[in-house]
Amino acid sequence: MKQIIGTLILSLAPFAVAFAQQDLEAEKMAKQGLNPAESSPQAALLEAYPELKNLNMTLSFGFEGEYLFRAKQYASQSFQPELKAHYNLGEGFGIYANVWDNCPLTSGAMEVNEMDLCAGIDYSYDVFRFSVGYGYYWFTNIDYPMTRVAEVNATAAMDTTRWLGDFNVTPMLIYCYGWNMDCSSIEARLFYSAPISKWVWGDTYLSIDTILLYGYTSANKYFGDQTAPAIKNGYGYAGVISDLVLTLTDYCKISVGIRYIQHNDGPQNDKGTEKHLFMGSKVSFSF
């Protein structure tokens, strides 16, 4: 654990230096009568291609002490890059796509290298947001019992800022169905971002983001539809994910935090309650 914490601190240090350097550069431009936002390469690109104002993209690089999917461990320490894209169609509609990969940092039979390809459409109305999508999960380094899972999903969420202000909690409900496993999963989440720096210093660059979750999944083909026999299994899981998030610039954020996840597995593994406690970090760039 000490080694992980030390690695995280060392990996985040260069970004803190970059943050300070950008502040100095912005101050220098202000003294020259220039607006840093208007002088940026992003501003010039948007002026040349105004339709790009509707496009948002995020590139992130994460490190997780464990990789869990619905509370089940698929790998230990892992590097997790991701690219997300969202395009605003207007009238509350948007489309999105993302590519995510889990790259285990150690080798072994239970260290799963996974690539996810996802796309969908979302709609926002007043304080509500809805989305439907498709996800293809490809396990690139294993042959048995299954090498892929495909799912459709639907999500509903509500923004409570209107009533709760800084103490708004966002409830979310997610339903997924995967036909390879004939599997239905439902997950409820509560998300809260505590604006720590706003309360203390009157700024918005530091927050603590927390997710509480509970889910249940049930499959008629728990090991997939490729070579394994059709076996039923289901279990519930719950957890908390909490990150300290630092906004370095308008385009860059870093986070580091802790995760606690547990499940009561079904009869196939018969392990009772299995608990996982580990750390994770991420740096993301938005443009």
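Every value quoted in this text rests on a predicted model; they were computed, and no experiment measured them. Positions are given from 1 along the sequence.
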- Task: Could you state whether I208 and L206 fall into the same hydrophobic cluster, counting links through intermediate Ile, Leu, Val, Met, Phe, Trp or Tyr residues with side-chain heavy atoms under 4.5 angstrom apart?
- Result: yes
- Looking at side-chain heavy atoms only, is the closest gap between E111 and N102 below 4.5 Å? no
- Any side-chain donor near an acceptor of the partner, Q77 and T106, under 3.5 Å: no
- Item | L212 side chain reached by Y192 side chain, heavy atoms, under 4.5 Å | no
- Message: Starting from L59, can I reach Y96 by hopping between I/L/V/M/F/W/Y residues whose side chains sit under 4.5 Å apart?
- Response: no
- For G178 against E151, the heavy-atom pair lying closest together: CA-CG, 3.6 Å
- Query: What do the steps show when you test Y134 against N153 for side chain to side chain donor-acceptor pair (under 3.5 Å), and what is the final call?
  - Reply: CA-CA 6 Å; Y134 169 83; N153 57 74; over 6 Å; no
- Query: Any sub-3.5 Å donor-acceptor pair from D243's side-chain atoms to G257's backbone N or O?
  - Reply: yes
- Task: Report yes or no: do I174 and Y136 belong to one cluster of Ile/Leu/Val/Met/Phe/Trp/Tyr joined by side chain heavy-atom distances under 4.5 Å?
- Result: no
- Message: Is any side-chain heavy atom of I196 closer than 4.5 Å to one of S207?
- Response: no
- Within a radius of less than 6.0 Å around CZ of R70, do more than 12 heavy atoms belonging to other residues, nucleotides or ligands occur? yes
- Closest heavy-atom contact between F139 and R148? CD1-N, 3.9 Å
- Would you call V112 and P104 a side-chain contact if the rule is heavy atoms closer than 4.5 Å? no
- Which pair of heavy atoms, one from Y235 and one from Y216, lies closest together, and at what distance? O-CD1, 3.1 Å
- Start with the C-alpha gap between D122 and R129, add the side-chain angles, then the distance that decides, and say whether salt bridge (charged side-chain N to carboxylate O under 4.0 Å, His left out) holds. CA-CA 7 Å; D122 55 47; R129 179 168 179 173; 3.0 Å; yes
- Task: State, with a plain yes or no, whether a side-chain heavy atom of E64 is found less than 4.5 Å away from one of L105.
- Result: no
- Query: Counting distance only, does the side-chain N/O of N180 pair as donor-acceptor with the main-chain N or O of A150 below 3.5 Å?
  - Reply: yes
- Note on the structure: Rounded to the nearest 0.5 Å, the CZ atom of F287 sits from the CG atom of L55 at a distance of 8.5 Å
- Distance (rounded to the nearest 0.5 Å) between Y177 OH and I186 CD1: 15.5 Å
- Task: Return the minimal non-hydrogen interatomic distance between G90 and N88, and the atom names on each side.
- Result: N-OD1, 3.0 Å
- Taking atom CZ of F63 and atom NZ of K282, what is their separation to the nearest 0.5 Å? 14.0 Å
- Task: Please report the C-alpha distance between Q262 and L277 in whole Å, then the side-chain angles of each, then the deciding distance to 0.1 Å, and finally whether the side-chain contact (heavy atoms from CB on, under 4.5 Å) criterion is met.
- Result: CA-CA 9 Å; Q262 68 175 45; L277 178 64; over 6 Å; no
- Just by distance, with hydrogens left out, do S184 and Y175 show a side-chain donor and acceptor under 3.5 Å apart? yes
- Item | Donor-acceptor side-chain pairing of S284 and S60 below 3.5 angstrom | no
- Query: Does some side-chain heavy atom of T160 sit less than 4.5 Å from a side-chain heavy atom of V127?
  - Reply: no
- Message: With a 4.5 Å cut-off on side-chain heavy atoms, are E82 and K84 touching?
- Response: yes
- To the nearest 0.5 Å, tell me how far T217 OG1 sits from E187 CD. 10.0 Å
- Item | Residue that, paired with W100, satisfies ring-ring contact (aromatic ring centres under 6.0 Å, His included) out of Y67, Y137, W138, F79 | Y67
- Which atom pair, heavy atoms only, marks the closest approach of G65 to F278? N-CD1, 3.9 Å
- Query: CG/L164 to OG1/T170 distance, rounded to the nearest 0.5 angstrom?
  - Reply: 9.5 Å
- Item | Cluster check I95, V132: I/L/V/M/F/W/Y, side chain < 4.5 angstrom | yes
- Can V200 be reached from V245 by stepping across I, L, V, M, F, W or Y side chains whose heavy atoms are under 4.5 Å apart? no
- Pair S286-N56, side-chain contact (heavy atoms from CB on, under 4.5 Å): steps then yes or no: CA-CA 7 Å; S286 299; N56 295 297; over 6 Å; no
- Message: Show, in sequence, the C-alpha distance, side-chain angles and deciding distance for V256 and L246, and conclude whether the side-chain contact (heavy atoms from CB on, under 4.5 Å) test is met.
- Response: CA-CA 9 Å; V256 59; L246 176 63; over 6 Å; no
- Item | Backbone of N168 reached by a side-chain donor or acceptor of T161 within 3.5 Å | no
- Taking atom types as modelled, is there a side-chain donor on N264 or T273 under 3.5 Å from an acceptor on the other? no
- Give, for atom CG of D209 and atom OG of S242, the distance between the pair rounded to the nearest 0.5 Å. 8.0 Å
- Message: Keeping N141 on the side-chain end and N113 on the backbone end, is there a donor-acceptor pair under 3.5 Å?
- Response: yes
- Can you say whether the rings of Y123 and F130 are parallel (under 30°), tilted (30 to 60°) or perpendicular (over 60°)? parallel
- Query: If you look at every heavy atom in G236 and Y214, which pair is closest and at what distance?
  - Reply: CA-OH, 4.3 Å
- Message: Does any part of the side chain of W179, heavy atoms only, come nearer than 4.5 Å to the side chain of V152, both counted from C-beta?
- Response: yes
- Message: If you apply the rule side-chain contact (heavy atoms from CB on, under 4.5 Å), what do you find for M158 with D126, and how did you get there?
- Response: CA-CA 9 Å; M158 182 175 69; D126 196 26; over 6 Å; no
